[in-house]
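The analysis underlying the following values was restricted to heavy atoms, covering all of them including side chains, and did not include hydrogens, waters or symmetry mates.
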There are 2 protein chains.
Amino acid sequence: MADTPRSFDSTELGAYFALIEVSSLLRHTVEQQLRGAGDLSYVQFQLLARLGNSPDGSYRMTDLADGVVYSRSGLTYQAQSLEQRGLVTRAPSPDDERSTTVTITQQGRDTLTKVFPGHIAVLDELLFEPLERADVEAMADVLGRVRDHMRAAPPRSAAPRRRRTS
Amino acid sequence: MADTPRSFDSTELGAYFALIEVSSLLRHTVEQQLRGAGDLSYVQFQLLARLGNSPDGSYRMTDLADGVVYSRSGLTYQAQSLEQRGLVTRAPSPDDERSTTVTITQQGRDTLTKVFPGHIAVLDELLFEPLERADVEAMADVLGRVRDHMRAAPPRSAAPRRRRTS
DNA sequence: CACAGATGCTTCGAATCCGAAGCACTAACT
DNA sequence: AGTTAGTGCTTCGGATTCGAAGCATCTGTG
């Protein structure tokens with residue numbers, strides 16, 4: 001473990017720090033906008049957005065949790081909250097009694113459309129404003145590759161339960 | 001407000017989503033490594049790291065909070081925690097009785113060195129592995145500019161208390 | 001100097017978050 | 001079918017988080 005005690009040069013450090021800082025700052029501002037515009041937390045918005053983009057407006061709990069990088073128990077909490085507010089419904093899946101299917105309601109979609117313009121405005125102002133088109137493309141490309149790489153590796157808590165090894 | 005209901009193209013969306021996803025996934029993994037290696041949360045590590053990089057190993061509470069994008073009350077909580085564990089000390093500032101100066105202790109530095117190799121290993125493996133040198137440079141450049149832009153704008157909760165305007 | 005406003009930090013209460021443990025259902029193997 | 005392992009979700013307890021309010025100090029102005 002930790003068998004490569006190499007250190008980073010300033011460019012690498014800069015990239016890393018900038019990444020963390022930008023996402024923190026962005027998240028912060030977005031959070032406030034969402035709270036004000038539709039009384040949503042960032043997580044709640046992400047959940048609704050994902051559901052809204054789904055072809056049938058629904059997902060399994062686990063897939064939702066993995067999608068937004070969130071703990072399952074945390075998702076249960078938020079899903080209950082959203083359900084009480086009438087923004088989603090929950091029902092056991094037809095094919096698998098264990099799993100719960102979360103579906104966005106019309107009211108959920110309305111909330112989404114109500115909140116969206118402001119959300120875009122914040123992103124535009126904070127994230128895209130200082131960037132050229134090429135920068136955005138580079139960012140999408142580079143970060144996209146990183147994401148794929150991360151998703152490829154054991155996505156959540158590494159150790160697969162068992163190795164059915166020969 | 002929201003006077004620009006333009007929408008994003010897929011590149012922009014990709015850049016945004018990738019940013020969020022990458023930082024979330026990264027944070028998650030790093031968190032676990034830190035927890036295991038030195039019983040630190042990510043925030044605690046960030047605080048120690050910042051203090052460790054400071055010329056005199058200390059910062060004011062507010063500057064620390066702004067640095068890591070964190071609420072003041074949250075910082076108070078973590079600073080107390082770190083102080084109890086002997087990783088930092090807190091003392092009123094000499095020149096301003098109001099402000100508290102947080103200083104990293106030798107034990108804090110030791111913890112930092114103990115945790116660092118693993119931290120670097122995670123970053124190397126998860127973030128830098130799929131990237132060329134040029135990619136890292138592009139990332140540092142683009143995200144660095146975004147960060148500067150964000151920091152330039154009213155950094156925390158917008159409204160300055162008063163406008164001493166003419 | 002007295003005072004109002006600004007600033008730095010902490011306390012407080014409520015919301016959110018996570019991991020571990022538990023419950024229910026499914027799959028695989030015999 | 002019976003047994004064992006795997007999977008999906010929730011509950012639980014404790015930790016962390018934030019914003020609002022409070023307290024103490026500082027600063028600028030009369």
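Within the 4.5 Å cutoff, the side chain of A:R35 has no heavy atoms near those of the A:Y42 side chain.
The pair B:D63-B:R60 meets the salt-bridge criterion, with a side-chain N (NZ, NE, NH1 or NH2) lying under 4.0 Å from an Asp/Glu carboxylate O. In this structure, A:R72 pairs ionically with A:D66, as a charged nitrogen and a carboxylate oxygen lie closer than 4.0 Å.
If you take CZ of B:R72 and P of C:dT10, they are 11 Å apart, rounded to a whole angstrom. Across the protein-nucleic acid pair, A:E31 atom CD and C:dA15 atom C1' stand 11 Å apart, rounded to whole Å. In this structure, B:L75 atom CG and C:dT7 atom P are separated by 19 Å, rounded to whole Å. C:dT16 atom P lies 15 Å from atom NE2 of A:H28, rounded to whole Å. If you take CD of B:Q32 and P of C:dC18, they are 11 Å apart, rounded to a whole angstrom. Computed from coordinates, the B:R35 CZ to C:dA20 C1' distance equals 15 Å when rounded to whole Å. Residue A:Y70 contributes atom OH, which lies 20 Å from atom P of D:dG8 at whole-angstrom precision. Between the C1' atom of D:dC18 and the OH atom of A:Y42 lies a distance of 18 Å, rounded to the nearest Å.
Judged by atom type and distance alone, A:R98 reaches the base of D:dT7 through a side-chain donor-acceptor pair under 3.5 Å.
Along DNA chain C, the nucleotide nearest B:A79 and the nucleotide nearest A:Q44 are compared for position; the residue whose nucleotide lies closer to the 5' end is B:A79.
Taking every side-chain heavy atom of B:E97 into account, D:dC26 is the closest of C:dC25, D:dC26, D:dC9.
Taking the six-membered ring where the residue is Trp, the centroids of B:H119 and A:Y16 are separated by under 6.0 Å. The six-membered or imidazole ring of B:F8 lies near that of A:F128, with a centre-to-centre distance under 6.0 Å.
Heavy-atom distances under 4.0 Å link DNA chain C to no residue of residues 46-64 of chain A.
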Would you list the atom pairs, donor with acceptor, under 3.5 Å between side chains in residues 129-136 of chain B and any protein atom, with sequence neighbours excluded?
from	atom 1	to	atom 2	distance (Å)
B:R133	NE	B:E137	OE2	3.2
B:R133	NH1	A:D9	OD2	2.7
B:R133	NH2	A:D9	OD2	3.3
B:R133	NH2	A:T11	OG1	3.3
B:D135	OD1	A:R145	NH2	3.3
B:D135	OD2	A:R145	NH1	3.0
B:D135	OD2	A:R145	NH2	3.4
B:D135	OD2	B:E132	N	2.9

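Residue A:S73 is in base contact, counting any heavy-atom pair closer than 4.0 Å across all strands shown. Residue contacts shown for A:S99 are limited to sugar-phosphate atoms, with no base heavy atom under 4.0 Å away.
Distances shown here put every side-chain N or O of B:Q80 at or beyond 4.0 Å from the OP1 or OP2 atom of C:dC9. Side-chain N/O atoms of A:Y77 include one lying less than 4.0 angstrom from OP1 or OP2 on C:dT16.
Side-chain N or O atoms of B:S81 include none that pairs as donor or acceptor with a backbone N or O of B:Y77 at under 3.5 Å.
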